[in-house]
Amino acid sequence: MIKFSSSLPLCASTRVTIIGAGKVGSTLAQRIAEKNLADVVLLDIVAGMPQGIALDLTQARGIEQHDCRIIGTNDYVDTANSDIVVITAGIPRKPGMTRDDLMRTNAQIVVEAVQRSIAHSPNAILIVVTNPLDVMTYLAWQASGIPSNRVMGMAGVLDSARFQSFIAMELGVAITDITTTVLGGHGDLMVPLPRYSTVSGVPITEIMEPETIDRLIKRTRNGGAEIVELMRTGSAYFAPASATCLMVESILYNQSRVVPTCAYLQGEYGLNDIYVGVPSRLGCAGVESIVELNLSEAELSALHISAESVRQNVHQAKEMLAAVAKVN
């Protein structure tokens, strides 16, 4: 009888931890594993849920032809030595609820998740997905105590993908021929840039009427809420998971892809000490550089208005957290 030893030491491997095993977190775990990007640790406070999802995904490995290990856990100890930690934990939006309505509860969840995960993976890169995204990313950076280039938020990739989809639907062209750019906060004041959104290199401003572009911009800004209203009992998760996976892949493979990212600004675009969506180059060091586009006065003004809204919400979130800390 042929015998296989189970006592051999495990080889070092790339590890991505996902905090929050809800729809976005579990779908992201599936995306990462099935693309064979890294081993995945899926953590949630609900006993048994991440373990069950991990077992289910593990049983699909042979069918999907990948060898990634998938672990489900309720213990942050199991997340140790992660290369990337993705924060998806938090309550989802419900019909009639804005991203900002989520702030009080999700701020506490994100800060605790960051502190506990970084304690076990001090060299990790953080990607925040929890809404309100820009505010949560700033709070995550402050709670982590790590350099700002290693903390970022997923928003611009998703918003740009939505704009891209709506343009493709409107024109009836291949979506792979479309490139879009969306800046600013992940909310109603986001700044889609028609001049930097193209079909096979041709700006949409040259092939679409202004009224049509304005309609698609409005739909992009309302992209998440539209899905919430349609689903009634949940929010988007397929596209957010795909957007996050793209960022994870660019970092792990050191691809240096330029993608819209919620990144920390220190003078770029005339903004300081704020996390907001801008084109960024993502590689193994995290945010390797910020790409400054040549914006018109109107575009720059819209970006500053969006950033100011984020800044006000950051101050509000800090006050909420301070009040909670004082009570405790």
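Atoms considered below: every heavy atom in the structure, side chains included; atoms not considered: hydrogens, waters and symmetry mates.
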- Query: Can you list every salt bridge (Lys or Arg N to Asp or Glu O under 4.0 Å) pair that touches residues 113-125, not counting sequence neighbours?
  - Reply: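 Listed by first then second residue: E112-R116.
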Keeping to residues at least two apart or across chains, list the salt bridge (Lys or Arg N to Asp or Glu O under 4.0 Å) pairs with something in residues 264-273.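 Checked against salt bridge (Lys or Arg N to Asp or Glu O under 4.0 Å) - neighbours excluded - no pair reaches residues 264-273.
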- prompt: Residues two or more places apart in sequence or in another chain: which of them pass salt bridge (Lys or Arg N to Asp or Glu O under 4.0 Å) with D39?
  reply: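 R69.
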Has [X] got a side-chain atom pairing as donor or acceptor with [Y]'s backbone, closer than 3.5 angstrom?
X    : Y    : result
R31  : L246 : no
T27  : V24  : no
Y269 : L293 : yes
R150 : A124 : yes
N254 : C284 : yes
S306 : G185 : yes

Check: Residues two or more places apart in sequence or in another chain: which of them pass ring pair (Phe, Tyr, Trp, His ring centres under 6.0 Å) with Y138?
Finding: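 Result, ring pair (Phe, Tyr, Trp, His ring centres under 6.0 Å) vs Y138: W141.
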Quick one: side chain to side chain donor-acceptor pair (under 3.5 Å) partners of [X], sequence neighbours excluded?
X   : value
R61 : none
S82 : T17
K35 : E249
N74 : Q51

My understanding is that a hydrophobic cluster links ILVMFWY residues whose side chain heavy atoms are under 4.5 Å apart, including indirect links. Using that, what else belongs to the cluster containing I63?
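Its cluster mates, by chain and number: none.
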- Query: Which other residues end up in the same hydrophobic cluster as I109, if Ile, Leu, Val, Met, Phe, Trp and Tyr are linked when side-chain heavy atoms come under 4.5 Å apart?
  - Reply: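 Besides I109, the hydrophobic cluster comprises nothing; the residue is isolated.
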Report the residues that fulfil side chain to side chain contact (heavy atoms under 4.5 Å, CB included) with A236, sequence neighbours left out, ordered by chain and then residue number.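 By the side chain to side chain contact (heavy atoms under 4.5 Å, CB included) rule, A236 matches R162, I227, P240.
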**Report entry** Listed partners of A38 passing side chain to side chain contact (heavy atoms under 4.5 Å, CB included), at least two apart
**Finding:**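 Result, side chain to side chain contact (heavy atoms under 4.5 Å, CB included) vs A38: T14, V16, I32, L252.
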Heavy-atom closest pair, residues [X] and [Y]:
X    : Y    : value
N294 : R195 : O-NH2, 3.0 Å
I290 : S280 : CD1-OG, 3.6 Å
C68  : A33  : SG-O, 3.8 Å
G25  : L42  : O-CD1, 3.9 Å
L57  : S26  : CD1-O, 4.3 Å
N272 : G267 : OD1-N, 3.0 Å

Side-chain touch Y76/I19, heavy atoms, less than 4.5 angstrom
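SC-SC contact between Y76 and I19 confirmed.
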